[in-house]
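This structure is a prediction, so every number in the text was calculated from the model and none was measured.
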Number of protein chains: 2
Amino acid sequence: MARAESKKLKDAPEKTTRIQEINRRLILDAALDVFSTYGFRGTTIDQIAERAGMSKPNLLYYFPRKQNIYVTLLEETLTEWLAPLAEIDAEGDPIEQLRKYITLKINMSETHPEASRLFANEILHGAPAISDFLTKYLKPLVDEKAGVIRRWVGEGKLAPVDPYHLIFMIWATTQHYADFDVQVRAIMGSQVGRPGFKEQTAQAVLSIILGGIKPRN
Amino acid sequence: MARAESKKLKDAPEKTTRIQEINRRLILDAALDVFSTYGFRGTTIDQIAERAGMSKPNLLYYFPRKQNIYVTLLEETLTEWLAPLAEIDAEGDPIEQLRKYITLKINMSETHPEASRLFANEILHGAPAISDFLTKYLKPLVDEKAGVIRRWVGEGKLAPVDPYHLIFMIWATTQHYADFDVQVRAIMGSQVGRPGFKEQTAQAVLSIILGGIKPRN
DNA sequence: CAAAAACTTGACTACTTGGTCAAAATGCAG
DNA sequence: CTGCATTTTGACCAAGTAGTCAAGTTTTTG
């Protein structure tokens with residue numbers, strides 16, 4: 001019976017071999033690069049295959065459809081991308097919690113700009129592949145954190161501000177540096193690469209947003 | 001010789017007929033819709049032709065290449081899109097000037113979301129068609145206005161803030177509502193369509209940003 | 001109104017690209 | 001080492017799409 005397990009069992013965890021693990025990873029990594037640069041339609045399977053260092057039919061052996069790669073990629077990174085939001089602690093100090101959140105987001109924009117661009121592109125085109133995710137997973141999470149922020153405002157710990165718009169503003173500003181990178185570079189030139197640029201950015205974003213929501217007495 | 005003018009003269013203003021004017025407009029309007037939704041690669045000439053109500057060869061009679069439509073469209077809207085920035089008046093009241101600018105941008109995001117998405121998509125994919133524009137036209141303009149803001153800060157009329165990051169933040173937040181519309185809708189639901197939503201948005205954005213840059217005494 | 005110019009289109013071509021397939025190569029358990 | 005399962009790939013196909021073209025239709029002009 002031990003052998004039978006290696007055959008497909010209805011709900012079995014689909015045993016994955018060593019080679020499968022390696023190649024799926026290679027493909028997904030390559031696909032992230034390419035999809036985030038050219039979008040879904042703008043990307044060809046050949047491009048991904050070449051970057052992953054394998055033939056197209058080989059790639060299709062692991063992901064039978066182009067869509068599969070794309071969706072797997074989105075799912076894989078979405079939760080991770082949202083993790084910082086989930087970490088906002090209702091019991092913590094409001095300004096401190098938001099400072100932490102914004103800082104984390106700026107770091108992510110800097111370290112994983114491809115992930116940011118992948119989402120941005122997907123949303124920009126109407127989120128055909130993840131609209132379910134948006135309503136079933138993202139919305140409840142945002143609703144919850146909006147509730148937390150609203151409570152903080154009610155307790156006078158923050159200036160009166162619409163929590164949803166505050167969250168959108170944080171997303172917009174932090175992801176801007178990843179999504180609109182070429183524009184930022186075109187305008188700020190060589191500064192962008194320089195060490196300390198990220199810190200300077202974080203400083204500017206934090207001072208404006210936090211300054212804008214600190215309670216006035 | 002009067003007739004000779006109708007023939008192509010090197011630098012002549014390329015006489016355009018009534019029909020040309022109408023059809024070019026039809027094509028560009030249709031193309032804006034389609035390109036802003038599906039991106040350059042995701043758009044087919046047939047789609048544009050159908051939406052413009054003409055045959056594909058007919059469309060190609062006016063714009064011999066798909067690229068031509070796209071580039072014309074970008075150029076046509078880019079300057080218009082930037083106009084509000086140019087209007088910032090160094091002699092005016094800083095807070096008032098920025099309030100006006102932000103309000104104009106939010107209005108544009110609401111009235112021309114397709115234009116916003118067209119640019120967003122182009123920038124997201126590395127701005128292959130307009131990188132020249134960015135450095136030759138956008139950068140100087142931003143540099144100038146950044147200078148104005150820096151002066152205001154120096155005069156103590158604004159809290160110390162990096163002018164470039166402030167401008168990016170305004171762009172990011174205002175355009176977010178056009179570019180990430182589906183996400184905003186997924187989260188805020190029916191509120192988005194409601195009358196007054198735009199005003200509420202403007203109010204939230206203005207209060208945070210302006211609150212964040214008002215001078216502290 | 002007649003000829004010229006401008007406009008329109010059905011049919012077609014060349015090329016790209018997602019996906020198939022059968023056969024070969026490789027890995028692995030006994 | 002042997003035989004079975006997994007992995008790999010060259011060759012191929014069908015669909016989709018940018019762009020052409022020659023032949024027609026409409027508009028403009030003298």
Residue A/P57, side-chain atoms from C-beta onward, closest of C/dC7, C/dT20, D/dT8 = C/dT20
Residues [X], [Y]: salt bridge by 4.0 Å N-O rule:
| X | Y | result |
| --- | --- | --- |
| A/E21 | A/R18 | no |
| A/R99 | A/E96 | yes |
| A/E76 | A/R25 | yes |

task = Give, ordered by number, those residues of residues 34-54 of chain A having at least one heavy-atom distance below 4.0 Å to an atom of DNA chain D; if nothing qualifies, reply none.
result = A/R41
How many Å lie between [atom1] on [X] and [atom2] on [N], as a whole number?
| X | N | atom1 | atom2 | result |
| --- | --- | --- | --- | --- |
| A/L60 | D/dG10 | CG | C1' | 14 Å |
| A/R24 | D/dT7 | CZ | P | 9 Å |
| A/Y70 | C/dG19 | OH | P | 15 Å |
| A/Y61 | C/dA25 | OH | P | 17 Å |
| A/I22 | C/dT26 | CD1 | C1' | 14 Å |
| B/Q20 | D/dT28 | CD | P | 11 Å |
| B/I19 | C/dT9 | CD1 | P | 12 Å |
| A/K56 | D/dA11 | NZ | C1' | 11 Å |

request  = First locate atom CD of A/Q175, then atom CD1 of A/I106, and finally report the distance between them rounded to the nearest 0.5 Å.
outcome  = 11.0 Å
Below the 4.0 Å mark, does [N] have OP1 or OP2 next to a side-chain nitrogen or oxygen of [X]?
| X | N | result |
| --- | --- | --- |
| B/Y62 | C/dT8 | yes |
| B/N23 | C/dT8 | yes |
| B/S55 | C/dG10 | no |
| B/R65 | D/dT20 | yes |

task = Using distance alone, with no hydrogens and no angle criterion, decide if A/Y164 and A/D143 have a side-chain donor and acceptor under 3.5 Å apart.
result =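 There is such a pair between these side chains.
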inquiry  = Can you confirm whether the side chains of A/Y70 and A/E122 place a donor and an acceptor under 3.5 Å from each other?
reply    =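 Judged by distance alone, the side chains do pair up.
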message = Using ring centroids (six-membered ring only for Trp), state whether B/F197 and A/H165 fall under 6.0 Å.
response = yes
request  = Check if the side chain of A/K66 and the base of C/dG19 share a donor-acceptor pair of N or O atoms closer than 3.5 Å.
outcome  =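 No pair found.
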remark   = Residue pair B/R18/A/N58 against DNA chain D: nearer the 5' end by closest nucleotide is A/N58
